[in-house]
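I have placed the structure first, in the form of structure tokens, so that the comments after it can refer back to it.
Just so you know, these numbers come straight off a predicted model, no measurement behind them. Chain naming here is simple, since letters A, B, ... match the order of the sequence lines and numbering starts at 1 in each.
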Amino acid sequence: MPELPEVETTRLGLVPRVVGRRIRDVVVREPRLRWPVPRDLAGRLRGAAVSAIRRRGKYLLFDVGAGHLLVHLGMSGNLTVVSPDRPVRRHDHVDLVLDSGDIVRLNDPRRFGAVLWVRDPERHALLESLGVEPFDGAFDGAWLRRAAHGRRVPVKQFLMDSRVVTGIGNIYANEALFAARIHPSRPAGRISRPRLDRLAAESRAVLSRALAKGGSTLRDYVGSDGAPGHFQLEYAVYGRAGEPCPACGAPVRVARQAGRSTFYCPACQR
DNA sequence: AGAACCACCTGGCAGC
DNA sequence: TGCTGCCAGGTGGTTC
């Protein structure tokens with residue numbers, strides 16, 4: 001589930017119940033995530049207050065005392081606030097027990113997620129090379145033009161490159177390229193400036209719509225039953241191979257790029 | 001330097 | 001029903 005809108009929805013759901021609280025304890029049931037959960041994590045966090053929860057790309061940063069707790073949800077992770085009587089389920093790997101009694105619980109079947117301690121986010125390897133945020137004003141056609149200059153990589157892979165712009169995953173890359181009418185395998189450096197302007201705008205628009213949907217299910221998303229209960233955006237092309245293009249009716253095509261499925265309309269996207 | 005692959009892991013589903 | 005193979009929302013690391 002977690003693309004940028006889901007991560008931001010998670011953040012918004014956590015803030016009111018977590019910011020300002022102290023961490024009473026940390027329970028690590030399974031430390032083998034993408035990287036091992038630091039052994040001294042509980043020692044660092046116990047007793048500390050969470051002063052803010054921020055997001056950079058798809059990384060969540062809990063500001064706590066002398067450093068930050070970094071959480072990434074990988075492909076299958078979710079972070080919910082649950083009450084202490086909630087039974088532990090399969091893949092409930094990490095709990096933050098708050099002084100309110102609430103528990104912030106990470107469930108992640110595939111274990112591609114991460115829970116790390118970060119002293120200085122500005123100089124952390126996972127964060128320092130990240131590109132612009134899609135909702136930042138700096139993300140526009142000029143930014144894409146600079147980053148794409150001379151590059152022959154297919155624009156879809158370019159758009160998913162977190163060093164260029166953070167948080168655009170496979171679904172939204174497909175949707176943004178469709179909305180901008182750009183063929184996913186076109187070399188990034190060979191797209192005109194006006195089309196890059198449109199690509200930036202459409203990328204932002206697609207993410208905004210998804211975020212608006214996520215926001216409307218916020219209560220469910222971090223609710224007491226923990227059911228993610230999303231309510232998905234209608235995708236124009238993603239997952240719709242063979243179905244008619246919503247713009248022209250031609251069958252949506254699926255191809256493989258860098259090991260990922262790419263959905264596009266061969267008639268509309270050039 | 002840039003691009004193409006691989007790796008990590010579990011669960012769900014189609015097909016037999 | 002149960003098995004096998006394939007696919008899945010991410011991204012760092014290795015190889016060419």
Under a 4.5 Å cut-off applied to non-hydrogen side-chain atoms, are [X] and [Y] in contact?
X        : Y        : answer
A:Leu69  : A:Leu41  : yes
A:Asp92  : A:Leu106 : no
A:Ser51  : A:Phe62  : no
A:Leu177 : A:His183 : no

Heavy atoms only, 4.0 Å cut-off, all strands: where does [X] land among base, sugar-phosphate and nothing?
X        : answer
A:Arg163 : nothing
A:Arg111 : sugar-phosphate
A:Arg152 : sugar-phosphate
A:Phe158 : nothing

Is A:Arg181 paired with A:Glu202 through a side-chain N to carboxylate O contact shorter than 4.0 Å? no

Hey, are A:Arg55 and A:Glu133 close enough for a salt bridge, meaning a charged N less than 4.0 Å from a carboxylate O? yes

Would you mind reading off the distance between [X] atom [atom1] and [N] atom [atom2], rounded to a whole angstrom?
X        : N      : atom1 : atom2 : value
A:Trp35  : C:dG10 : CH2   : P     : 14 Å
A:Leu73  : C:dG10 : CG    : P     : 11 Å
A:Lys58  : C:dT11 : NZ    : P     : 4 Å
A:Ile171 : C:dT11 : CD1   : C1'   : 16 Å

Selected nucleotide, minimal atom distance to [X] side chain, candidates [options]:
X        : options                : result
A:His72  : C:dG10, B:dG11, C:dG12 : C:dG10
A:Ser162 : B:dG11, C:dG12, B:dA4  : C:dG12
A:Gln157 : C:dG12, C:dG9, B:dA4   : B:dA4
A:Ser261 : C:dG12, C:dA8, C:dG9   : C:dA8
A:Val153 : C:dT11, B:dA3, C:dA8   : B:dA3

What integer number of Å spans the [atom1] atoms of [N] and [M]?
N     : M      : atom1 : result
B:dA1 : C:dT11 : P     : 23 Å
B:dC6 : C:dC6  : P     : 14 Å
B:dC9 : C:dC3  : P     : 23 Å

Start at the 5' end of DNA chain B and walk down; is the nucleotide closest to A:Arg34 or to A:Pro109 reached first? A:Arg34

Would A:Phe112 pass as stacked on B:dC9, i.e. its ring centre under 5.5 Å from the base's six-membered ring centre and planes under 30° apart? no

Is the phosphate of [N] approached by [X] (side-chain N or O, under 4.0 Å from OP1 or OP2)?
X        : N      : result
A:Arg151 : B:dA3  : yes
A:Tyr59  : C:dG10 : no
A:Arg90  : B:dG11 : yes
A:His91  : B:dG11 : yes
A:Arg256 : C:dC6  : no

